[in-house]
Amino acid sequence: MNLVQEGPYRYRIEPTGPMRVPGVVFASRALLRDAEQALQQVANVATLPGVVEASYAMPDVHWGYGFAIGGVAATDPADGGVVSPGGVGFDISCGVRLLAADIDADGLRPVLRDVMDGLDRAVPRGMGKGAVWRLRGAEELTGILTGGSRFAVERGHGVPRDLDRCEDGGAVADADPGQVGARAVERGAGQVGSLGSGNHFLEVQRVAAVHDDAVAAAFGLRRDQICVMIHSGSRGLGHQVCTDHVRVMEREMPRYGIRVPDRQLACAPVESPPGRAYLGAMAAAANYGRANRQLLAEAARRVFERVAGVRLDLVYDVSHNLAKLEEHEIGGRRRRVCVHRKGATRAFPPGHPELPPDLRDAGQPVLVPGTMGTASYVLTGVPEGRAFYSTCHGAGRAQSRHQAARGVSGRDLRARLEADGIAVRASSWRGLAEEAPAAYKDVTAVIEAGEGAGLCRKVAELRPVGVVKG
DNA sequence: ATGTGC
């Protein structure tokens with residue numbers, strides 16, 4: 001791959017062959033080591049019909065299904081622009097929710113063990129069934145698919161203020177539950193309010209450093225404060241939606257005369273029946289993911305209140321796997337484009353009209369989960385807002401699950417973390433070992449590259465004091 | 001990520 005350095009933390013892949021736009025990669029050389037496959041995927045995405053500006057990659061870019069994880073690409077529906085399920089990923093609306101506690105680390109320490117035991121019992125996780133919310137019937141699932149966190153709050157699972165601190169007010173518009181297949185519904189019915197497995201987690205964290213006092217204060221964060229971070233997605237329902245619509249698009253692509261360099265880039269014009277069907281189903285799955293995090297947050301709130309008399313206020317909830325129709329200035333004019341963010345977080349700058357009034361001057365909270373033993377970050381958007389106001393979403397894997405599990409046993413890893421003062425409540429030793437900190441890139445280097453590339457700004461650093469894993 | 005998969 002011919003990478004031309006254009007600036008610090010910025011590389012360009014010149015358009016060759018069927019590429020319609022260049023690739024632009026925001027990273028350091030060190031982060032791009034072993035990223036050859038991912039960079040090829042960035043180039044492949046640049047061939048999609050209607051793609052505008054560039055096929056972008058965030059500092060945590062790594063290989064994924066069709067699109068690289070950490071990929072951002074926008075297409076113009078008025079110019080034959082397509083939507084591709086591979087540009088969103090299997091875990092539709094996977095994302096992060098952060099809650100701030102009205103207690104600091106010293107205050108929580110005497111009851112941390114009880115809080116962790118409470119969370120251990122209250123947070124359904126691991127593969128398969130078990131959920132906080134037992135649905136009463138099909139109408140309730142339809143409500144979730146249409147209303148997301150908004151529906152959950154209407155049914156008493158949360159407070160109205162929560163919705164001010166959710167991306168899209170808690171629900172993506174234009175969801176079409178009718179495009180969510182029977183199998184997806186069947187898989188999703190028993191999982192509303194469940195963490196899942198893999199890199200999904202619920203952590204009790206401490207604000208270890210504040211890098212911008214004013215913005216942190218606007219977000220409701222101060223040094224040494226306790227927080228709860230939830231990283232989860234749309235479970236089996238989102239996975240099945242992706243599977244089903246990829247299959248339809250693979251079949252329908254020839255009808256639209258679309259050729260892609262990789263089958264996994266199956267796509268359809270945004271303005272076509274399969275394109276609209278996917279976007280409707282995707283929005284429904286996204287709402288499921290948001291309701292899921294709302295329910296998990298409620299479970300955590302009940303534990304903190306009961307065990308420690310502590311209140312948890314929502315800081316923000318944001319997805320990092322989603323395609324959205326947004327307006328952006330491209331080539332000197334406003335255009336409505338379909339922005340795919342896969343393992344990339346939207347990062348609105350201060351003053352953005354879609355931010356709630358109390359965040360207007362600070363910018364959008366961007367939540368970046370790290371790994372168990374290291375740190376997570378709170379960032380905010382910046383005015384230059386490159387890549388359609390997007391930034392990184394996490395550390396990015398450096399080792400395969402298999403490699404990671406070979407490197408350390410789950411029991412040893414837990415002992416090591418506990419020795420570092422991190423309480424661990426895992427549901428599977430194997431799953432824990434697969435998520436060992438050594439299996440991930442250095443999240444701090446990712447954040448540094450994001451900041452250096454002008455994608456975001458650091459606000460606070462969070463360190464784990466307790467981990468609940470699937 | 002995922003009732004890891006033909």
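These numbers come from a predicted model, not from an experiment. Chain naming here is simple, since letters A, B, ... match the order of the sequence lines and numbering starts at 1 in each.
For A:Y377, the side-chain hydrogen bond (donor to acceptor under 3.5 Å, both in side chains) test picks out A:T444, with sequence neighbours left out. Listed by chain and number, the residues in a side chain to side chain contact (heavy atoms under 4.5 Å, CB included) with A:S427 are A:R125 (sequence neighbours excluded).
A:G236 comes within 4.0 angstrom of the backbone, heavy atoms only, and of no base. Contacts of A:R183 with the nucleic acid, taken as non-hydrogen atoms under 4.0 Å apart, include base atoms.
Rounded to whole angstrom, the span from the NE2 atom of A:H239 across to the C1' atom of B:dG5 amounts to 11 Å. For A:D244 and B:dT2, the CG to P distance is 16 Å, given to the nearest whole Å. What separates NE2 of A:H231 from C1' of B:dT2 is a distance of 14 Å, to the nearest Å. Look at CD1 on A:I69: it is 13 Å from P on B:dT2, rounded to the nearest Å. Atom OH in A:Y65 sits about 17 Å away from atom P in B:dT2, given to the nearest Å. To the nearest angstrom, P of B:dT2 lies 8 Å from CD of A:Q191. The interatomic distance linking A:Q240 (CD) with B:dT4 (P) rounds to 12 Å, in whole Å. Across the protein-nucleic acid pair, A:D91 atom CG and B:dT2 atom C1' stand 9 Å apart, rounded to whole Å.
Using a 4.0 Å cut-off, some side-chain N or O of A:S197 falls inside it from OP1 or OP2 of B:dT2. One finds no side-chain N or O of A:R401 lying less than 4.0 angstrom from the OP1 or OP2 phosphate oxygen of B:dT4.
Judged by a 6.0 Å distance limit and a 45° cone about the ring axis, A:R397 is positioned over the six-membered ring of A:Y440.
Distance alone, capped at 3.5 Å, is enough to place a donor-acceptor pair between the A:R235 side chain and the A:G128 backbone.
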